[in-house]
Amino acid sequence: MPELPEVETFVRSLKFGGMTGEPILNRHIHYADLFWPRTLAFSDADENFLAWFPGKTVEDVARRGKYVILSIPPKFLIIHLRMSGDLRVESKNSRINKKHDRFLIEFYDGYRLVFNDPRKFGRIWLVNHPEDVFQRLGIEPLSSSFTAAWMRENARKKKKVIKTLLLDQTFIAGIGNIYSDEALFQAGIHPNRKADDLSDAEIDQLTHAIQNVLQAGIALNGASIDWVYRGGNFQHHFQVYHRSGEPCFRCGTPIERTVIGQRSAHFCPKCQH
DNA sequence: CCTGAAACCTGTCTGC
DNA sequence: TGCAGACAGGTTTCAG
């Protein structure tokens with residue numbers, strides 16, 4: 001489900017309150033519980049994992065790529081929501097045993113953080129050093145080091161199809177299927193172009209388009225589609241994603257859908273060359 | 001290095 | 001109404 005803007009929305013909500021409910025900063029942990037053991041991304045005995053939590057405190061929440069990072073000194077709980085993961089904060093009095101709940105942390109004050117994930121693709125890590133999990137992750141697209149110059153330098157070395165490169169988390173961390181389609185449309189680049197074929201001007205446009213769509217996504221709390229993810233509004237601003245057959249807002253040509261690297265790609269055949 | 005296929009999963013929607 | 005098939009905001013692993 002979530003890409004960078006959706007994950008960022010989760011992080012802000014966990015810190016300051018919002019979509020997920022009450023903030024969780026500085027709450028003291030009573031206990032943790034795990035309902036689907038394979039949610040753990042590492043091979044630690046479940047007992048050891050769960051036994052670590054009581055008495056700890058959530059001191060910060062942050063994001064790296066599509067990962068949520070809970071700072072629970074002296075360790076870090078890292079969560080990847082993959083396709084269908086969801087986080088919510090609810091009070092003790094809420095109905096427990098909600099379908100597809102996989103993990104939860106209950107606080108002494110009666111609130112609890114719940115990780116719900118119908119498709120069971122989501123994963124969590126408990127580590128001393130977050131870098132261990134992020135070792136292969138690429139650049140943060142909203143950081144100051146992500147510039148057109150960086151893209152010219154690095155994208156040129158890649159022979160991949162540009163749509164696939166944008167989805168490659170070891171290259172840029174955080175872009176998913178929605179925002180790659182939207183960025184390529186905004187830059188006027190066909191998703192099947194080779195990265196090393198792009199002109200300087202096209203690379204510059206693409207860089208700015210990436211920053212632009214991600215920021216727009218964050219400003220609207222991400223995109224909500226179908227039954228997954230809630231609270232977002234960016235879906236009302238899609239130019240191409242989920243719009244196959246509908247007229248391009250720029251030129252009227254029907255938006256097309258194709259498959260690139262096993263993912264659907266939506267584009268305007270006239271505006272994107 | 002790059003591509004494609006398959007695997008991991010459950011839910012929803014479409015068409016017959 | 002039922003049922004098969006396609007499809008879904010992601011990532012990893014393996015074959016070629």
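Side chains are part of it too, since the values below use all heavy atoms of this structure and drop only hydrogens, waters and symmetry mates. Convention: sequence-line order gives letters A, B, ...; per-chain numbering from 1.
In this view, A/R257 satisfies the salt bridge (Lys or Arg N to Asp or Glu O under 4.0 Å) rule with no residue, not counting sequence neighbours. For A/E256, there are no salt bridge (Lys or Arg N to Asp or Glu O under 4.0 Å) partners, not counting sequence neighbours. A search for salt bridge (Lys or Arg N to Asp or Glu O under 4.0 Å) contacts involving A/D117 returns nothing, not counting sequence neighbours.
Rounded to whole Å, the distance from CG on A/D168 to P on B/dT3 is 10 Å. Here the P atom of nucleotide C/dT11 and the CG atom of A/L167 are 8 Å apart, to the nearest Å. Taking atom NZ of A/K157 as the reference point, atom C1' of B/dC2 lies 17 Å away to the nearest angstrom. Here the C1' atom of nucleotide B/dC2 and the CZ atom of A/F171 are 15 Å apart, to the nearest Å. Computed from coordinates, the A/L166 CG to C/dG10 P distance equals 12 Å when rounded to whole Å. A straight line from CZ of A/R263 to C1' of B/dG4 spans 14 Å, rounded to a whole angstrom. For A/R243 and C/dC7, the CZ to C1' distance is 19 Å, given to the nearest whole Å. What separates CG of A/L165 from C1' of C/dT11 is a distance of 16 Å, to the nearest Å.
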- prompt: Would you write out the dot-bracket form of DNA chain B, 5' to 3', with Watson-Crick and G-U pairs under 3.5 Å, [ ] for crossing pairs, | for pairs to other strands and . for unpaired bases?
  reply: .|||||||.|||||||
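Between A/F103 and A/F49, a ring centre-to-centre spacing shorter than 6.0 Å is recorded. In this structure, A/F10 has its ring center under 6.0 Å from that of A/Y229.
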Tabulate below the donor-acceptor pairs under 3.5 Å that side-chain atoms of residues 66-80 of chain A make, not counting sequence neighbours, or state none.
from	atom 1	to	atom 2	distance (Å)
A/K66	NZ	A/I175	O	3.2
A/K75	NZ	A/N128	OD1	3.2
A/H80	ND1	A/R82	N	2.9

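Electrostatic pairing of A/R88 and A/D101 counts as a salt bridge here, judged by a charged N lying under 4.0 Å from a carboxylate O.
Straight-line distance between the P atoms of C/dA4 and B/dC9: roughly 22 Å, to the nearest whole Å. Spacing of P atoms, B/dC8 relative to C/dC3, comes out at 26 Å, to the nearest Å.
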task: Could you run through nucleotides 7-16 of chain B and give me one letter per nucleotide, 5' to 3': B if any protein heavy atom sits under 4.0 Å from the base, S if only the sugar-phosphate is that close, - if neither?
output: -BBBSS----
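Residues A/F238 and A/H242 share a closest heavy-atom pair of CD1-CB, 4.4 Å.
Judged by the 6.0 Å distance and 45° axis criteria, A/R250 is positioned over the aromatic ring of A/F185.
The side chain of A/K158 lies closest to B/dC2, out of C/dG10, C/dT11, B/dC2.
Applying the 4.0 Å criterion to OP1 and OP2 of C/dT11, one finds that A/K66 has a side-chain N or O inside that range.
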